[in-house]
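Structure first, commentary second.
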Amino acid sequence: MTDARQYGELATQLLMESRRSTQTDTLLKYNDSLVRSIIREQRDMEKAIDALAIEGASPPPGMLIIQTAINRNKRCLLAYHSHRVDRLRDMYWAVGGALPHILSNQDIRSKLSPHEVDYLRQYNASVMEFRSEFSHELDITAGITNPPKDLHVMVRVIRDCGVIQTELGSIDFQKGQRFMVRRADIEHLIVQGYLEEV
């Protein structure tokens, strides 16, 4: 039995993994070995094209097939990485832009490649730089799915988050306590899961 594969078979496996990730609404572990295998296949196909190329002659049909396979593999790699970047951005905004909240979760961290961790850090730096220009007027990390009806909100502390500085002074948020506070001061804590509205 031979170990022969068709061109593009590995890239199809990578796309199926992305599709599975979308269907289960989870981020699967970065498949470094499969990505590297596809890149090796790309290099082998490029060498095959160089061997088939005859200067001054029209390209043989085999060259066109290999070139099509190369282009398909590139599109599949780009689609896989684009899907993962979209998932990372969704995760970032789901926790209100709290990067330490994502990176401290070992389950999530183990699924990321080192390049994805770097991407998240650079994305966070860009968001913070953009946010700093008008942070007094608007908090872009606050959720907007349910627009606030009141300026103040009653919250219950789900997890200890320590002393937080608010406009009216400092408040020590300890698990189980309830507070009536200004929404703008604690919106990020609600999004991150430390507090919940009552």
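Only a predicted model underlies this, so the values are computations on that prediction, with no experimental measurement involved.
Looking at Ser37 and Arg40, their side chains do bring a donor and an acceptor atom within 3.5 Å of each other.
Under the 4.5 Å side-chain heavy-atom criterion for ILVMFWY residues, no single connected hydrophobic cluster contains both Ile158 and Leu195. Linking ILVMFWY side-chain heavy atoms closer than 4.5 Å, directly or via other members, places Ile38 and Ile65 in two distinct hydrophobic clusters. Note: the hydrophobic cluster containing Leu28 does not contain Leu88 (ILVMFWY, side chain heavy atoms under 4.5 Å, direct or indirect links). Put simply, Ile190 and Trp93 are part of two different groups of oily side chains (I, L, V, M, F, W, Y) that touch within less than 4.5 Å, one to the next. The cluster map of Ile, Leu, Val, Met, Phe, Trp and Tyr, joined by side-chain heavy atoms under 4.5 Å apart, puts Val153 and Ile171 in the same cluster.
Listed by chain and number, the residues in a side-chain hydrogen bond (donor to acceptor under 3.5 Å, both in side chains) with His101 amount to none (sequence neighbours excluded). Remark: Asp185 pairs with Thr166, Glu167, Arg182 by the side chain to side chain contact (heavy atoms under 4.5 Å, CB included) rule, at least two apart or across chains. For the salt bridge (Lys or Arg N to Asp or Glu O under 4.0 Å) test, no residue two or more places apart in sequence or in another chain qualifies with Arg43. Residues meeting the salt bridge (Lys or Arg N to Asp or Glu O under 4.0 Å) test with Asp118, sequence neighbours left out: none. By the side chain to side chain contact (heavy atoms under 4.5 Å, CB included) test, Ala48 pairs with Ile66, sequence neighbours left out. Listed by chain and number, the residues in a ring pair (Phe, Tyr, Trp, His ring centres under 6.0 Å) with Tyr194 amount to none (sequence neighbours excluded). Not counting sequence neighbours, the partners of Glu46 by the side chain to side chain contact (heavy atoms under 4.5 Å, CB included) test are Ile70.
Within the structure, salt bridge (Lys or Arg N to Asp or Glu O under 4.0 Å) contacts touching residues 66-80 (residues at least two apart or in different chains) do not occur. Here side chain to side chain donor-acceptor pair (under 3.5 Å) pairs that include residues 102-115, with residues two or more places apart or in two chains, number zero. Residue pairs meeting the side chain to side chain donor-acceptor pair (under 3.5 Å) criterion with at least one member in residues 169-181, sequence neighbours excluded: Asp172-Gln174. For the salt bridge (Lys or Arg N to Asp or Glu O under 4.0 Å) condition, the pairs that include at least one residue of residues 78-101, sequence neighbours left out, are Asp25-Arg87, Arg84-Glu116, Asp86-Arg89.
No donor-acceptor pair closer than 3.5 Å links the side chain of Ser21 to the backbone N or O of Glu17. Of the possible donor and acceptor atoms, none in the side chain of Tyr123 sits under 3.5 Å from a partner among the backbone N and O of Tyr92.
Note that CZ of Phe173 is 11.5 Å distant from CG of Asp160, once rounded to the nearest 0.5 Å. A distance of 5.0 Å separates CD of Glu41 from CG of Asn73, quoted to the nearest 0.5 Å. The structure places OH of Tyr80 at 12.5 Å from SG of Cys76, a figure rounded to the nearest 0.5 Å. If you take CD1 on Ile39 and CG on Leu10, they are separated by 11.5 Å, rounding to the nearest 0.5 Å. One distance of note links CD1 of Ile102 with CG of Leu112; it measures 8.5 Å at 0.5 Å rounding.
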Run the side-chain contact (heavy atoms from CB on, under 4.5 Å) test on His83 and Leu15 for me, step by step, so that the C-alpha distance in whole Å, both residues' side-chain angles and the decisive distance to 0.1 Å come before the verdict.
CA-CA 10 Å; His83 172 263; Leu15 285 183; over 6 Å; no

Do Met91 and Val95 pass the side-chain contact (heavy atoms from CB on, under 4.5 Å) test, and can you show the C-alpha distance, the side-chain angles, and the key distance before you say yes or no?
CA-CA 7 Å; Met91 285 175 19; Val95 296; over 6 Å; no

Would you sort out whether Glu197 and Arg183 count as a salt bridge (Lys or Arg N to Asp or Glu O under 4.0 Å), showing the intermediate values?
CA-CA 10 Å; Glu197 287 188 56; Arg183 180 182 292 276; 3.2 Å; yes

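Counting heavy atoms from C-beta on, the side chains of Val117 and Leu120 never come closer than 4.5 Å. Side-chain contact between Val198 and Val155 is absent, with no heavy-atom pair separated by less than 4.5 Å.
The two atoms that bring Met45 and Ala69 nearest to each other are SD-CB, 3.7 Å, heavy atoms only. Closest of all the heavy-atom pairs between Ile49 and Met63 is O-CE, 3.6 Å. The minimum heavy-atom distance between Asn124 and Gly97, with the atom names listed, is OD1-O, 3.7 Å.
Its side chain outside the 4.5 Å cluster rule for every partner, Val163 clusters with none of the Ile, Leu, Val, Met, Phe, Trp and Tyr residues.
Ring to ring, Tyr119 and His81 are not that close: their centroids are 6.0 angstrom or more apart.
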